[in-house]
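A note on names: the letters A, B, ... follow the listed sequences, proteins ahead of strands, and every chain is numbered from 1. Heavy atoms only: backbone and side chains are in, while hydrogens, waters and symmetry mates are out.
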There are 2 protein chains.
Amino acid sequence: MEGTPTSRAERRRRTEERILSAARAIFAECGFQRTTIRAVAAAAEVDPALVMQYFGSKQELFEQAVRIPSIPPLDGELDPVEELLGRIGMKTGPLPQATLAMMRSMLTHPDAAEEVRGKLDGQVAQLADAIDSGDAELRAALMVSTMLGVTIAHQLLGLTALRGASPERIAETLRPSLRALADG
Amino acid sequence: MEGTPTSRAERRRRTEERILSAARAIFAECGFQRTTIRAVAAAAEVDPALVMQYFGSKQELFEQAVRIPSIPPLDGELDPVEELLGRIGMKTGPLPQATLAMMRSMLTHPDAAEEVRGKLDGQVAQLADAIDSGDAELRAALMVSTMLGVTIAHQLLGLTALRGASPERIAETLRPSLRALADG
DNA sequence: TCGTTGAGTCAACAAGTGTTGAGCGAAGTG
DNA sequence: CACTTCGCTCAACACTTGTTGACTCAACGA
């Protein structure tokens with residue numbers, strides 16, 4: 001029987017993680033507005049008041065739950081197109097729920113929009129550096145936008161034509177398109 | 001003085017249109033959930049109860065306000081890539097608010113998601129017909145996803161690199177990318 | 001063992017939501 | 001002119017929401 005750790009600190013850590021995990025899942029599925037503290041609490045098998053006590057507010061719960069690791073800088077040695085294809089989760093398994101939650105909320109929650117815009121702007125700047133062209137920034141922005149669109153259509157909207165497609169095949173088919181943007 | 005038509009039917013038609021217009025604007029900016037009947041009523045300078053009386057429910061108001069004209073079939077004579085570039089509003093002026101409202105809500109409102117998915121699926125099918133290739137459907141889906149992503153990044157998210165770009169320049173830069181998808 | 005701490009619950013509040021029914025007053029009709 | 005019709009408003013209901021404070025009880029330190 002190792003069911004109950006019964007250590008205070010340990011119990012706290014576990015329930016806190018249970019809440020965060022539940023929050024991530026529901027935020028990812030419903031977005032910020034339609035996610036209720038009560039639903040998160042129920043999924044975490046906890047009283048709603050406890051969620052407030054731990055995180056202070058729904059907004060802070062959201063921020064802590066969907067905190068995305070900052071995007072690492074592009075490796076200058078590798079092909080930007082390949083890095084881009086791999087990075088957005090097209091290759092290295094499905095996207096983390098925190099990212100999905102962020103994307104799900106970005107059109108209707110101003111803070112999420114700001115966050116995503118910032119992240120994408122950064123990605124654009126990095127990519128633009130790796131491209132030498134007069135309109136490098138525009139090209140980079142369109143590359144990022146393409147990845148954004150494909151991810152939304154695939155993961156969040158579920159376009160029928162993409163539902164059955166494996167990430168590898170999507171990446172493969174998409175590659176020439178991105179390359180056309182990257183090169184002049 | 002032609003300010004007050006004072007005709008009953010005419011008055012009704014006008015206020016109804018005023019409500020629909022206000023609804024479109026607010027739905028487009030805030031999405032379904034964050035849009036309140038009261039806000040729409042206030043913007044239309046009308047009592048909230050009247051909105052309900054005319055449209056029955058918030059959901060029906062949404063449906064009537066954001067009803068998008070069904071996508072016309074592709075003109076087989078024209079280049080699909082050019083049609084696609086022009087159609088999503090990249091060329092023929094900004095997108096109608098109904099479309100923006102639909103897109104704004106599609107990630108957090110299941111009905112809107114269903115509607116958009118259906119429309120995009122149709123678009124994909126049309127495009128796939130115009131492409132002859134083994135994976136025509138996948139290619140078509142990626143073309144539509146690309147347009148979706150660019151539109152979201154440009155109109156809804158406001159990526160800084162795209163904010164200053166004119167639709168013509170975006171279309172021009174994007175063209176080779178779409179063509180790479182359309183052709184083998 | 002005893003008092004303290006803190007994880008967790010319970011019940012409630014205050015604000016905002018979609019929605020409803022009664023009613024007012026002017027446009028329509030005879 | 002009466003009488004009806006209907007566009008429109010007012011006030012309220014029922015419900016959900018985020019949020020709070022008092023309370024319980026087991027883990028903890030002395």
Side-chain angles (χ1 to χ4, degrees), chain A residues 1-23 26-27 29-66 101 105 108-112, chain B residues 1-23 26-27 29-66 101 105 108-112:
Chain A
M1 244 357 160
E2 42 73 56
T4 51
T6 332
S7 153
R8 245 188 200 169
E10 186 58 19
R11 268 184 75 85
R12 158 119 202 187
R13 226 173 299 134
R14 293 205 184 183
T15 54
E16 195 168 309
E17 183 47 43
R18 198 149 28 95
I19 294 174
L20 282 175
S21 174
I26 304 185
F27 276 134
E29 191 179 358
C30 304
F32 182 80
Q33 330 278 345
R34 295 207 321 152
T35 295
T36 76
I37 297 281
R38 283 169 169 83
V40 172
E45 290 173 310
V46 142
D47 193 276
L50 192 66
V51 179
M52 297 304 299
Q53 194 174 315
Y54 280 5
F55 298 96
S57 71
K58 182 183 175 181
Q59 173 62 30
E60 278 199 41
L61 171 64
F62 180 74
E63 289 172 12
Q64 293 212 32
V66 308
S105 305
T108 42
H109 187 31
D111 289 10
Chain B
M1 236 8 150
E2 42 75 53
T4 51
T6 332
S7 153
R8 244 185 200 171
E10 186 59 18
R11 268 184 75 86
R12 157 117 200 190
R13 225 173 300 136
R14 295 205 184 182
T15 54
E16 196 167 310
E17 184 48 43
R18 198 147 30 93
I19 294 173
L20 281 175
S21 174
I26 304 184
F27 277 133
E29 191 180 359
C30 304
F32 182 80
Q33 329 279 343
R34 295 207 323 151
T35 295
T36 76
I37 297 281
R38 283 171 168 84
V40 171
E45 290 174 312
V46 141
D47 193 276
L50 192 67
V51 179
M52 297 304 299
Q53 194 173 319
Y54 280 4
F55 298 96
S57 71
K58 182 183 175 182
Q59 174 61 32
E60 278 199 40
L61 171 65
F62 180 73
E63 288 171 13
Q64 292 212 30
V66 308
S105 305
T108 43
H109 187 32
D111 290 9

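Listed pair B:Y54 / D:dC8 meets the phosphate criterion, a side-chain N or O lying under 4.0 Å from OP1 or OP2. In this model, the phosphate group of C:dG8 is approached by a side-chain N or O of A:R11 to a distance below 4.0 Å at OP1 or OP2. Residue A:T36 places none of its side-chain N or O atoms closer than 4.0 Å to OP1 or OP2 of D:dT16.
Inter-residue side-chain proximity for B:T15 and B:Y54 is flagged as met; some heavy-atom pair is nearer than 4.5 Å.
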Sub-3.5 Å pairs of nitrogen or oxygen atoms, protein against nucleotides 19-23 of chain D:
unit_1: D:dT19; atom_1: OP2; unit_2: A:K58; atom_2: N; d: 2.8

For nucleotides 28-30 of chain D, print each protein N/O atom paired with a nucleotide N/O atom at under 3.5 Å, atom names and distance only.
unit_1: D:dC28; atom_1: OP1; unit_2: A:R8; atom_2: N; d: 3.1

Go through it in stages, so that I can follow the logic: the residues are A:E60 and A:Q64, the test is side-chain hydrogen bond (donor to acceptor under 3.5 Å, both in side chains), and I'd like the CA-CA distance, side-chain angles, deciding distance and then a yes or no. CA-CA 6 Å; A:E60 278 199 41; A:Q64 293 212 32; 4.5 Å; no
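The only member of A:R14, A:R12, A:R8 that meets side-chain hydrogen bond (donor to acceptor under 3.5 Å, both in side chains) when paired with A:E10 is A:R14.
B:E16 CD: more than 12 foreign heavy atoms inside a 6.0 Å radius.
Salt bridge A:E17/A:R13: absent, no basic N to carboxylate O contact under 4.0 Å.
A straight line from CZ of B:R34 to C1' of C:dG16 spans 14 Å, rounded to a whole angstrom. For the pair B:Q33 CD and D:dT17 P, the interatomic distance rounds to 11 Å; values are reported in whole Å. The CD1-P distance, from A:I26 to D:dG18, rounds to 11 Å in whole Å.
A:F32 and A:F27 have parallel rings, their planes meeting at less than 30° on a 0 to 90° scale where 60° marks the start of perpendicular.
Within the 4.0 angstrom heavy-atom criterion, no nucleotide atom of any strand lies near A:F55.
When only modelled atom types and interatomic distance are considered, B:H109 and A:Q33 share no side-chain donor-acceptor pair under 3.5 Å.
Minimum interatomic distance between A:R18 and A:A44 (heavy atoms only, all atoms of both residues): NH1-O, 2.5 Å.
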